[in-house]
Amino acid sequence: MAHPNSQWTDELTCLVACGLLPKVPASGKLRQSADAAMKPSVGPASGLTSPGEENIFHSSKLYHAIYKCIEEDGEICQQNLPAAALIITSVAMEDYACKHSTKARLLASQHARITRAMADQEVAAKKSKVACEHEELVRFLLSANPKEVVDKLLDVLGEPEEQRKKLMVIVSRHGPVDLAAILLATKRAFATGDTSRADGTGSKTLGGLFFREEKRYKASLSRAAIQAMLPPLPALRSYQRDMVGMVLLSWGLELPSEVFVLEDARGAGGGGDVEMAESEEMLRSRWLKLADCWNSNWLVSSPPNSGKTRMFVEVARGVIQSKPPGKCALVVVLVPSVILTTQHAVVFDLANLPGTLVGAYSSDNQLMPKVWRALFIAAFSGSHSSVVVATAESFANLLKTGKAMLSEVDLLVFDEVHHCKDDHPYAIIMSIYNSMPQTARRPRVLGVSASPSSEKNMATLDRRMEELLRRLNARLHLVDSEDSEVAAILPEPTHLEMWVAVREIDQQVVMILQDFAMYAAAQIGKSLRRVQAEGSTAMADKEQLVQALEAAMGTCFTTLSSPGRQMLVNALDPLGQWLSKAREFAEKYPCPNLDLTARLLDVVRKAIELVEDAGVEGALPFLGRKAAVLCREEVSAHGGVFNRASRTLPPCPKSTNWRILMLSAAVAAVPAPAAAPAGAPGAVGAAATSRDSPRILSSLTAASSLMPTARGLAIREQDTGAVATSPPDSDNRCGDIQLRVSSLLQHLLISRDISSRICDKALAEDCFASGELKETTFPKFWALLQYLQRYRDKPNFHGIVFVRTRQAVFHVADKIRRAAQLQFVEVLELIGHNSVSRRRGLSLEEDRHGRGMTDSQQHLVVGIFREPGRKVLVATSAAEEGLDVPSCEFVVRYNAAATGIQLLQSRGRARQRAAEFCAILQEGAQDVELHNKSRLEEANMHQWQRNFAESRGAACVSPGARG
């Protein structure tokens, strides 16, 4: 959502400055027209609490209001009116859509929780020292307005003015009770010395501690909420206790009493747990036979919803209980996604493992070297055992930097172990494991997955399984889905396929965008050849870049010239591989024009993908929104001065290290009003300082004098002349290309030869259709709309719609909010993190598609989705693996699964016995190939498992033993 001090119309001046549009209507007039069109659905909570007809997201009204505004202005020719309206409405719609988004829903939910917490606080009777500090601080925060609170925090934490916006968001999000708890946690972290940076390179600033504790606080609330919704852990089923008993006995460890209690075969309502019918001696004998003298690692393949987490929790219990007196265990459970950290930690909490602390670690609560060292010392000294549930990458980083050692771990669990290949962190961790000396103490390893591998060819599949087992140094234990006890508890989703045709307009737009991408690449290459490079390294780098571009264009041209081109959405992949090289070159030899034009090519590639996922209705607004962002960044890159026709651009500042340093120094240079009377004009936080400052804030102020502050570090960097980036090599330099991204955008969106085809009035109107949607809408969405309408009369339901890209997630969710036929649905979005280190894209603050979701946001979304209601979760692959929502009764694949693993995992999210799995497939598109491929791979995996069970007559095989 836009910052209160900014407006979506601020983006439009750059469109004029760059020459993309000759003029835009006055900002005030545009905003007034847009607000009137969107009323009454402009409020953040609209459409979120009680979906109904009045809460439709009226994007159509927004488009027509902006079109009329532009037309009345009379500065843009009739031919270019649709393109101008498309661009401006796309920018406006992003702002208004954010107010209907899942993040707005999260904010409303947090406010409700804060209100409840404040009521609880008022009736609290305990008056301990900490409680008194908390109460005193809450009273202070209640008496001050948000601006005063932020002023006080900036002063106490020593943060520069640039953090005001971030602090204002935190203050608005949490309210007094939660904010007081976060400040108390900050004080506690300082008092206990928990101040280290995540990479171990010194101490955090006091503000850094505060921001970290705010993330931890949100994560803890999410974990508590999930735990409150889950029932107690059930007793083990017979196939689960067979796996636990076999693994623990193969390692020579004690068996917990839980393996000798079996769940009542009649189910949850059949009388509870019963004692084992078989004697302990008989059970031990069978489990030792299953182990077959194996004493190393295990890979367990068990179907979705068969209780894999329950199994490795009991294995962990056995490891912990088997430690000798005076020693405790350190168990590490690695997961591939943030969502699973909290989900698994909650299950461990419910298990009540003896003398064990459970921690969930991700970017919101980082597994830092100091934390790891404390956990190891606690286990080694016999203080307590620990279960560390962490993302694989965070633990791999500790191992690679030597801050943790595998020899310190007792049990290492890989959840969704099929990721253990190539350069995945799982594979990196196992390479470290396998490189350890034979005499070194190694952890016991347990890998679990519903789908260890999937391949189209059986021989290749057999080889992949052998490689996985060898990498893990493991035997395979198979939980057979055809076993009667297993089959009795597994969901059996009804399979449904909905085939739709490709529209001619979508094919045409794909080809237009592909042709434009080739044209733009040719123009970039032409301009790049004219650039002068100095120095042998720069000249060689430039020549390699030119040659790589020519080779990529040649490959793309061959593909695009082939018969049956139509919906080849991946035809520009070779060009996409060149883009990363171009952007690295542009960063090495500062070339903003090259960087922006390369980014435009990336935007066009994503728009082509979006045509297959969302039709032109999704692709064109995406292009319009990104056009505004690219124009703004062109203005920023050139310092607000554009040489075309000696035009001076309005200032569009882009935050840089130099600006931060100068502004920080200016803030610090302002003398503090030392003797200013309470409430005097000009005093910072006058109302706040007029009251006695709470003791905790005084303590934090004192702590700030002993710690580095962001403001102080910025000033010291300025004083010493230090900058974040080193200057380029003076002997090697390269000029920038003269081609501007705005000129390419004009060719794509405004020029006479293309505009009439890609952006006519009727097509632009269709992009923003809302209300009672018609059958002419994008065929895939129309099929989804028809499918969801089947649930209209159900008072409660939960379903997941899987899409391929983040852009498609928000488009599909927004379209559901825009459709009158689907106003009974509460829609939520779920996407993964944004990885800045892996991807260079548009500035992250520009839109919700690029920012990704934080750990706490993901957990909150899942928590809201689990609550009763008529809910649909639109998600990327971030929700495919391990997400457990027992009430989920349907899964829709809006895009075909790319692999057999993806197909099996996504279908496994449908947890109810009478669930449905629906695949919406587009004829003549990539869906067909992927659908056939994923089904073949899944069938091959099932056949491999059947062959394995028949050939062995038992459920284990050692690496290299086959054949």
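Because the structure is a prediction, the values reported are computed rather than measured. The figures here come from the full heavy-atom set of this structure, side chains too, leaving out hydrogens, waters and symmetry mates.
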S.K.: Who are the side-chain contact (heavy atoms from CB on, under 4.5 Å) partners of Tyr519, not counting sequence neighbours?
M.R.: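 Result, side-chain contact (heavy atoms from CB on, under 4.5 Å) vs Tyr519: Phe516, Gln523, Leu744, His747.
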S.K.: Can you list the residues that meet the ring-ring contact (aromatic ring centres under 6.0 Å, His included) rule with Phe768, with sequence neighbours excluded?
M.R.: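 By the ring-ring contact (aromatic ring centres under 6.0 Å, His included) rule, Phe768 matches Tyr63.
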S.K.: When you measure from the side chain of Ser580 to the backbone N and O of Gln577, does any donor-acceptor pair fall under 3.5 Å?
M.R.: yes
S.K.: Please confirm whether the backbone N or O of Leu81 pairs with a side-chain atom of Lys761, one donor and one acceptor, at under 3.5 Å?
M.R.: no
S.K.: I need the minimum non-hydrogen distance between Ala598 and Leu579, along with the two atoms involved.
M.R.: O-CD2, 3.5 Å
S.K.: Under 3.5 Å, side chain of Arg740 to main-chain N/O of Leu596, donor-acceptor pair present?
M.R.: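 No, the answer is negative, given that no donor and acceptor are paired below the 3.5 Å cut-off.
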S.K.: Please identify each residue that fulfils side-chain hydrogen bond (donor to acceptor under 3.5 Å, both in side chains) with Gln78, with sequence neighbours left out.
M.R.: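 Residues passing side-chain hydrogen bond (donor to acceptor under 3.5 Å, both in side chains) with Gln78: none at all.
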S.K.: Holding to salt bridge (charged side-chain N to carboxylate O under 4.0 Å, His left out), I want the full list of residues that pass it with Lys815, two or more places apart in sequence or in another chain.
M.R.: none
S.K.: Would you check if the side chain of Thr876 reaches a backbone N or O of Ile831 as a donor-acceptor pair within less than 3.5 Å?
M.R.: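 Absent.
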S.K.: When you compare the side chain of Val16 with that of Leu12, does any pair of heavy atoms fall below 4.5 Å?
M.R.: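 Leu12 does not reach Val16 side chain to side chain.
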S.K.: With side-chain contact (heavy atoms from CB on, under 4.5 Å) as the test, would you mind laying out the steps for Cys918 and Met498 before giving the verdict?
M.R.: CA-CA 7 Å; Cys918 175; Met498 301 179 72; 3.6 Å; yes
S.K.: State whether the side chain of Glu612 and the backbone N or O of Gln926 hold a donor-acceptor pair below 3.5 Å, judged by distance alone.
M.R.: yes
S.K.: Rounded to the nearest 0.5 Å, how far does CG of Leu572 lie from NZ of Lys606?
M.R.: 12.5 Å
S.K.: Can Leu739 and Ile524 be said to form a side-chain contact (heavy atoms from CB on, under 4.5 Å), step by step?
M.R.: CA-CA 7 Å; Leu739 182 67; Ile524 293 172; 3.8 Å; yes
S.K.: Taking side-chain contact (heavy atoms from CB on, under 4.5 Å) as the test, write out the residues that go with Ala614, two or more places apart.
M.R.: Leu610, His811
S.K.: For Ala764 and Pro82, work out which heavy atoms get closest and say how close.
M.R.: CB-O, 4.1 Å
S.K.: Could you list the residues that satisfy side-chain hydrogen bond (donor to acceptor under 3.5 Å, both in side chains) with Asn895, not counting sequence neighbours?
M.R.: Asp613
S.K.: For the residue pair Ala783 and Ile920, what are the closest heavy atoms and their distance?
M.R.: CB-CG2, 4.0 Å
S.K.: Could you measure the distance from the CG atom of Leu30 to the CD1 atom of Ile88? Nearest 0.5 Å is fine.
M.R.: 6.0 Å
S.K.: Would you say Asp927 and Tyr894 are linked by a side-chain donor-acceptor pair, where the criterion is simply a distance under 3.5 Å?
M.R.: no
S.K.: With sequence neighbours left out, write down each residue that passes side-chain contact (heavy atoms from CB on, under 4.5 Å) with Ser60, or none if nothing qualifies.
M.R.: His64, Ser770
S.K.: Apply side-chain hydrogen bond (donor to acceptor under 3.5 Å, both in side chains) to Thr597 and list each qualifying residue two or more places apart in sequence or on a separate chain.
M.R.: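 Checked Thr597 against side-chain hydrogen bond (donor to acceptor under 3.5 Å, both in side chains); zero matches.
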S.K.: One thing to verify: whether Asp814 and Arg817 come together as a salt bridge, which I'm taking to mean a side-chain N less than 4.0 angstrom from a carboxylate O.
M.R.: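 Answer for the salt bridge query: yes.
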S.K.: What pairs of donor and acceptor atoms, side-chain ones from residues 65-75 against any protein atom, are under 3.5 angstrom apart with sequence neighbours left out?
M.R.:
none

S.K.: Specify the closest pair of heavy atoms between Pro621 and Leu86, including all atoms of both residues, with the distance to one decimal.
M.R.: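 Pro621 and Leu86 have their closest heavy atoms at N-CD1, 4.1 Å.
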S.K.: Who are the salt bridge (charged side-chain N to carboxylate O under 4.0 Å, His left out) partners of Arg31, not counting sequence neighbours?
M.R.: none
S.K.: To the nearest 0.5 Å, what is the distance between CG (Leu620) and CG (Leu513)?
M.R.: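 Reported to 0.5 Å precision, the distance equals 7.5 Å.
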S.K.: Can you list everything that forms a side-chain hydrogen bond (donor to acceptor under 3.5 Å, both in side chains) with Ser906? Sequence neighbours excluded, please.
M.R.: Arg893
S.K.: Which heavy atom of Leu873 sits nearest a heavy atom of Glu829, and at what distance?
M.R.: CD1-C, 4.3 Å
S.K.: Looking at every non-hydrogen atom in both residues, tell me the closest pair between Cys18 and Cys631 and how far apart they are.
M.R.: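 Looking at all heavy atoms of both residues, the closest pair is SG-O, 3.5 Å.
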S.K.: Checking Ala628 now: which residues fulfil side-chain contact (heavy atoms from CB on, under 4.5 Å) with it, not counting sequence neighbours?
M.R.: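 Only Leu15, Val91 meet the side-chain contact (heavy atoms from CB on, under 4.5 Å) criterion with Ala628.
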S.K.: Verify salt bridge (charged side-chain N to carboxylate O under 4.0 Å, His left out) between Arg599 and Asp602, making sure each step is shown before the conclusion.
M.R.: CA-CA 5 Å; Arg599 287 160 65 177; Asp602 191 39; over 6 Å; no
S.K.: Quick check: does any side chain N or O of Asn80 sit under 3.5 Å from a backbone N or O of Ala83, one acting as donor and the other as acceptor?
M.R.: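 Not a single qualifying donor-acceptor pair exists.
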S.K.: With rounding to the nearest 0.5 Å, note down the distance linking CD1 in Ile608 to CG in Asp506.
M.R.: 12.5 Å
S.K.: Kindly determine whether Val500 and Phe778 satisfy side-chain contact (heavy atoms from CB on, under 4.5 Å), including the steps that lead there.
M.R.: CA-CA 10 Å; Val500 299; Phe778 181 56; over 6 Å; no
S.K.: Measuring from Arg870:CZ to Glu826:CD, what's the distance to the nearest 0.5 Å?
M.R.: 10.5 Å
S.K.: Working to the nearest 0.5 angstrom, can you tell me the gap between Leu930 CG and Arg804 CZ?
M.R.: 7.5 Å
S.K.: Salt bridge between Glu617 and Arg818, side-chain N to carboxylate O under 4.0 Å?
M.R.: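 No, no charged N to carboxylate O under 4.0 Å.
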S.K.: Take atom NZ of Lys29 as the centre, draw a 6.0 Å sphere, and report whether it contains more than 12 heavy atoms from other residues, nucleotides or ligands.
M.R.: yes
S.K.: Do Gln922 side-chain atoms and Lys780 backbone N/O form a donor-acceptor pair below 3.5 Å?
M.R.: no
S.K.: side-chain contact (heavy atoms from CB on, under 4.5 Å) for Leu20 and Ile87? Distances and angles first, verdict last.
M.R.: CA-CA 10 Å; Leu20 187 60; Ile87 297 170; 4.0 Å; yes
S.K.: Do the non-hydrogen side-chain atoms of Leu623 and Leu748 ever get within less than 4.5 Å of each other?
M.R.: yes
S.K.: Is the number of heavy atoms from other residues, nucleotides or ligands within 6.0 Å of CD (Gln789) greater than 12?
M.R.: yes
